[in-house]
Amino acid sequence: MTHRSTAPALDLPLPARRELSLALVLVRRMAIAGPDDSRAAMLALDVAGSGFRRLLVLTRCFVVELARSSRRTLTLAPCCATGMTRDEALMIDLLRNADLATYAALTDDAPCHRARSAAQALGEELGELAARKGWRGG
């Protein structure tokens, strides 16, 4: 008899860039507690200051549109996990590039207009935040 774990495989390292790690935590929080999660809001406020609303709204939009458009169940790890699932890595890659191949791999080739646009907008906002904060990428 074999025992099958229901825990997601966390064999991928967390993003080295701070803004992408931030995005991962925000997405995980919203996936667990919903798009109105107060801890996600406080994290966005703490990091982005007075510009937190844009970061929060774009992250909410990304999470909701990706959930609506995906043709499969996406696997996310708990907020405190020390690694990423394959789906989380694809999300991070989508935020960095917003390319069609990554989107297709993440959603089983679902129609992509809104979710891909949300990913591109959030990726740009994260890049601007990193530049304002002086974070150096890895």
Could you measure the distance from the [atom1] atom of [X] to the [atom2] atom of [Y]? Nearest 0.5 Å is fine.
{"X": "Leu100", "Y": "Leu94", "atom1": "CG", "atom2": "CG", "result": "9.5 Å"}
{"X": "Leu122", "Y": "Leu56", "atom1": "CG", "atom2": "CG", "result": "10.5 Å"}
{"X": "Gln120", "Y": "Asp99", "atom1": "CD", "atom2": "CG", "result": "11.0 Å"}
{"X": "Leu76", "Y": "Ile32", "atom1": "CG", "atom2": "CD1", "result": "8.0 Å"}

[X] and [Y]: which non-hydrogen atoms are nearest, and at how many Å?
{"X": "Ala23", "Y": "Leu126", "answer": "CB-CD1, 3.5 Å"}
{"X": "Ser69", "Y": "Thr107", "answer": "OG-CG2, 4.4 Å"}
{"X": "Ala44", "Y": "Leu26", "answer": "N-CD2, 4.4 Å"}
{"X": "Asp87", "Y": "Thr73", "answer": "OD2-O, 4.0 Å"}
{"X": "Pro15", "Y": "Ser21", "answer": "O-OG, 2.9 Å"}
{"X": "Leu12", "Y": "Thr85", "answer": "CD1-O, 3.7 Å"}

Side-chain touch [X]/[Y], heavy atoms, less than 4.5 angstrom:
{"X": "Met91", "Y": "Leu74", "result": "yes"}
{"X": "Asp11", "Y": "Arg86", "result": "no"}
{"X": "Leu66", "Y": "Val27", "result": "no"}
{"X": "Leu129", "Y": "Phe52", "result": "no"}
{"X": "Arg18", "Y": "Lys133", "result": "no"}

Quiz: residues 57-65 side-chain donor-acceptor pairs under 3.5 angstrom, not counting sequence neighbours:
| residue | atom | partner | partner atom | Å |
| --- | --- | --- | --- | --- |
| Thr59 | OG1 | Leu55 | O | 2.7 |
| Arg60 | NE | Pro35 | O | 2.6 |

Show me the pairs that pass side chain to side chain donor-acceptor pair (under 3.5 Å) and involve residues 24-39, at least two apart or across chains.
Arg28-Glu88, Arg29-Asp37

Residues pairing under side chain to side chain donor-acceptor pair (under 3.5 Å) where one sits in residues 48-57, two or more places apart or in two chains, turn out to be Arg54-Glu125

Hey, any chance Met42 and Leu24 share a hydrophobic cluster, counting ILVMFWY side chains that come within less than 4.5 Å of each other, even indirectly?
yes

